Amino acid sequence: MNPRLFDADCDLRLKYAGVYVLGNPYCVDGLYDYEIPCEMGNGAVVPGSFVTVPFGIRNQTRVALVAEVRETSQYKENDPDAVSRQHFA
């Protein structure tokens, strides 16, 4: 059971951030979805802010720019585990 689901201080409505990972080559440049941890979900992550995320084969920590914050992920319907494996560092 995930204890974050029952955290009364957590705003679960906005839990995904669409980010642009900085320094990517053009061929992989695009919007990537990351789940926002509950402890960062109460307005700490807003469009225009910079965050660190795991990215690439070795999950290297990279700086990313938050483009949007939303309730759902564009990938959630296709692969339920795709987004849950990714989170902010």
Side-chain angles (χ1 to χ4, degrees):
M1 178 167 53
N2 186 349
R4 292 186 319 165
L5 296 177
F6 303 104
D7 186 352
D9 296 329
C10 184
D11 182 6
L12 293 175
R13 290 176 292 137
L14 298 176
K15 60 181 183 175
Y16 297 99
V19 304
Y20 290 103
V21 179
L22 303 182
N24 273 352
Y26 181 74
C27 61
V28 294
D29 194 22
L31 193 65
Y32 292 89
D33 284 357
Y34 284 84
E35 185 175 14
I36 300 172
C38 194
E39 57 272 7
M40 296 179 71
N42 292 325
V45 179
V46 295
S49 60
F50 289 94
V51 294
T52 56
V53 296
F55 188 81
I57 295 172
R58 295 183 201 105
N59 281 331
Q60 296 175 341
T61 301
R62 304 282 298 274
V63 176
L65 176 65
V66 177
E68 56 190 21
V69 178
R70 57 187 180 282
E71 295 179 21
T72 60
S73 168
Q74 61 183 336
Y75 303 107
K76 200 65 170 178
E77 304 90 34
N78 299 330
D79 180 5
D81 293 326
V83 177
S84 62
R85 287 191 300 260
Q86 303 175 17
H87 57 279
F88 290 101

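Values in this document were obtained by computation on a predicted structure and should not be read as measured data.
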Name of the residue among Asn24, Val19, Thr61, Val63 meeting side chain to side chain contact (heavy atoms under 4.5 Å, CB included) with Phe55: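 Among Asn24, Val19, Thr61, Val63, the one that satisfies the side chain to side chain contact (heavy atoms under 4.5 Å, CB included) with Phe55 is Asn24.
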For Asn59, side-chain hydrogen bond (donor to acceptor under 3.5 Å, both in side chains) partners two or more places apart: none
Point-to-point distance, once rounded to the nearest 0.5 Å, from CD of Gln60 to OG1 of Thr52: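 So the gap between those two atoms works out to 13.5 Å.
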Spacing of OH belonging to Tyr16 relative to CD belonging to Glu71, to within rounding of 0.5 Å: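 Rounded to the nearest 0.5 Å, the OH-CD separation comes out at 11.0 Å.
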Verdict with reasoning, Val51 to Tyr34, per side chain to side chain contact (heavy atoms under 4.5 Å, CB included): CA-CA 11 Å; Val51 294; Tyr34 284 84; over 6 Å; no
Transitive ILVMFWY cluster of Tyr20, excluding itself - 4.5 Å side-chain cut-off: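 Hydrophobic cluster check, Tyr20: joined to Leu31.
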Listed pairs under 3.5 Å, donor-acceptor, residues 43-50 side chains, sequence neighbours left out:
{"residue": "Ser49", "atom": "OG", "partner": "Val46", "partner atom": "N", "Å": "3.4"}
{"residue": "Ser49", "atom": "OG", "partner": "Val46", "partner atom": "O", "Å": "2.6"}

